[in-house]
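These notes concern the structure reproduced below.
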Number of protein chains: 2
Amino acid sequence: MGDIALIGRSIGVVANNERPLYHRIREDIIDGQLDAGTRLVVAELARRYDSSSNPVREALHQLQGEGFVVISQNRGARVRSVGEHFARDIYDIRALIEPYMIRWFTANATKAQIAEMEAIQDEIEQLDGDHEAYRTLNERFHSVSYAGHFNREAIDMEERYREILFMLNKRYPLTRSRWAECLEEHRGILAAVRSRDADAAAAFTERHVHGACRHLIDHIRAGRGREKSAK
Amino acid sequence: MGDIALIGRSIGVVANNERPLYHRIREDIIDGQLDAGTRLVVAELARRYDSSSNPVREALHQLQGEGFVVISQNRGARVRSVGEHFARDIYDIRALIEPYMIRWFTANATKAQIAEMEAIQDEIEQLDGDHEAYRTLNERFHSVSYAGHFNREAIDMEERYREILFMLNKRYPLTRSRWAECLEEHRGILAAVRSRDADAAAAFTERHVHGACRHLIDHIRAGRGREKSAK
DNA sequence: TTGTCAACGATTGTACGCAATTTGAGGTGA
DNA sequence: TCACCTCAAATTGCGTACAATCGTTGACAA
């Protein structure tokens, strides 16, 4: 077996087949490797991911379809930059979807699922200012309740929006007061789920989303204020 | 200058530049030229739209991102087939989004917009069983209230879902009873908007969506029943 | 009838050439 | 100094060809 040829080939194959190019670019956008507004030059990306232009173009078009990328005629692709408006629009939608989803969860959750949520919440309670850990656990907390929902379209939408907002939120720290609110809201959700009170669960969830929205927008505005004064 | 070459070239250019390939395929999917489940073979489409494989591939990937097409690894693309489940999932989401949008419209509609809605509703009232016309006017009726909304993401989502459901609903006629319900619901929405009663407008809108959902699903089930007995 | 396997069709990735467009740099003139 | 023009480089978008790979199909044998 031609070792060298195989090695050369397999490096390429491994790098390419590891995962679809589309996923890799998407992840790099979400975790900030490619941050908002960055130009996405086809030739560059092809080199970067050790691929060629066709797969890159296809991935970019798909990402445009999902809203992560904006392609303009003859001007190429850019990572979608999420401004205050867009963020508020998305949170508005989440404020409708999440209560809808938690309602079903409240009615259908198994004891094991509830126990899992409680375990995660316990971990969160014991956290002490570690934002990174909080974001991860918060994600897990909510995904317990949404992952099993019957409405796959809603799940996918939620995921997309969560990812988009994730890459925006990462830039801003959680204030102490918001942290406290989050704990409060989580406790409220848990209590409601335990007692199978769908209305209460929905109400707490809506508060949770609106709270997150206000928190983010305050930070964006503060950030813009600082930018302006720096000028 | 090689005339023949130029002619060959210019025909291609004219046909291609009419509109982006992506739009043309999307429209053909929505209005049923390419119906659900159809295989989308790249070479075929390239011929059909007088283009080449690269643009087709890109268009298909973008359409996948938007949910109109499903691409499976090494098995090619198909027009997404919308089953009962998916339809209900989408209607569930619309039942959240549309009331949200009508609320804003109720608070912010200009007199001219309300008058426009009334004019469209008058036309609908005078219709007599013409389903085709009803669908068009119904679309216009609702687009008056949604097109001006501040939440662009919600508008785009609504439009996508409406198009997906449009291509499904087209296969089934409107029953007399559903027709009557629709008129009733429209009148309710109009009255609520006129009196700036957001809650009422939202309630009627939600009923409108749920009614449409039930109507469609009944037809799908009836259709399946007929298929089975035909076997 | 069932299972195997080879041929075929289609997708997927790669490569190259060419036209059209955008963009930025530099020069010109008011 | 500033507006405006020109031009060249960079990049996109499209067309084409081709190799590798995967799924499917259908013939054939057990």
**Asked** So does A:Arg135 have more than 12 non-hydrogen atoms from other groups sitting under 6.0 Å from CZ?
**Response** yes
**Message:** Between C1' on D:dC14 and CG on A:Leu60, what's the gap in Å once rounded to a whole number?
**Reply:** 16 Å
**Atom pair distance, as rounded to whole Å: CD in A:Glu58 and P in C:dT11** = 11 Å
**Request:** Could you state the atom-to-atom distance from CG of B:Asn54 to C1' of D:dC18 in whole Å?
**Result:** 13 Å
**Atom-to-atom span, CG of A:Leu45 to C1' of C:dG13 - whole angstrom** = 16 Å
**Request:** Measure across A:Ala59 and A:Ile25 and return the closest heavy-atom pair with its distance rounded to 0.1 Å.
**Result:** CB-CD1, 4.0 Å
**Message:** Would you say that A:Val144 contacts A:Arg140 through its side chain, given a criterion of any heavy-atom pair below 4.5 Å between the two side chains?
**Reply:** no
**Request:** Flag the pair B:Ile71 / A:Glu58 as yes when at least one side-chain heavy-atom distance between them is below 4.5 Å, and no otherwise.
**Result:** no
**Request:** Check the side chains of B:His85 and B:Asp89 for a donor-acceptor pair under 3.5 angstrom, ignoring hydrogens and angles.
**Result:** no
**Selected nucleotide, minimal atom distance to B:Val41 side chain, candidates C:dT14, C:dT11, D:dT12** = C:dT11
Tabulate atom names and distances for all N/O pairs under 3.5 angstrom spanning the protein and nucleotides 22-26 of chain D.
residue, atom, partner, partner atom, Å
D:dT24, OP1, B:Arg75, NH2, 3.3

**Asked** Can you tell which of B:Tyr146, B:Trp104, B:Tyr100 makes a side chain to side chain contact (heavy atoms under 4.5 Å, CB included) with B:Asn151?
**Response** B:Tyr100
**Axis-to-axis angle between the two ends of the helix from C:dT1-D:dA30 to C:dA30-D:dT1 (five base pairs per end, rounded to 10 degrees)** = 20°
**Message:** Would the distance check show the side chain of B:Arg80 and the main-chain N or O of B:Phe68 forming a donor-acceptor pair, the cut-off being under 3.5 Å?
**Reply:** no
**Asked** Side-chain N or O of B:Ser51 less than 4.0 angstrom from OP1 or OP2 on D:dC14?
**Response** no
**Request:** Please tell me which of the listed nucleotides, D:dC14, C:dT14, D:dT12, lies nearest to the side chain of B:Ser52?
**Result:** D:dC14
**Asked** Does one side chain, of A:Tyr22 or A:Glu66, offer a donor that lies under 3.5 Å from an acceptor on the other?
**Response** yes
**Item:** Nearest-Å distance for atom pair CZ/C1', residues B:Arg57 and C:dG13
**Value:** 7 Å
Between the protein and nucleotides 5-10 of chain D, list the N/O to N/O atom pairs that are separated by less than 3.5 angstrom.
none

**Request:** Specify the separation, in whole Å, of atom CZ of B:Arg47 and atom P of D:dG15.
**Result:** 15 Å
**Request:** Describe, in one word, how the ring planes of B:His186 and B:His142 are oriented to each other, choosing from parallel (under 30°), tilted (30 to 60°) and perpendicular (over 60°).
**Result:** perpendicular
**Message:** At 4.0 Å (heavy atoms only), tell me whether A:Ser53 reaches a base, stays on the sugar-phosphate, or touches nothing.
**Reply:** nothing
**Item:** Rounded interatomic separation in angstrom, taking CD1 from A:Ile71 and C1' from C:dT22
**Value:** 16 Å
**Message:** Using a 6.0 Å cut-off, check whether atom CZ of B:Arg75 has over 12 heavy atoms from anything other than its own residue.
**Reply:** no
**Item:** CG-CD1 distance between A:Asn169 and A:Ile220, expressed to the nearest 0.5 angstrom
**Value:** 8.0 Å
**Request:** Round to the nearest Å and state the distance from B:Arg78 atom CZ to C:dT11 atom C1'.
**Result:** 13 Å
**Donor-acceptor pair between A:Glu98 and A:Tyr161 side chains, under 3.5 angstrom** = no
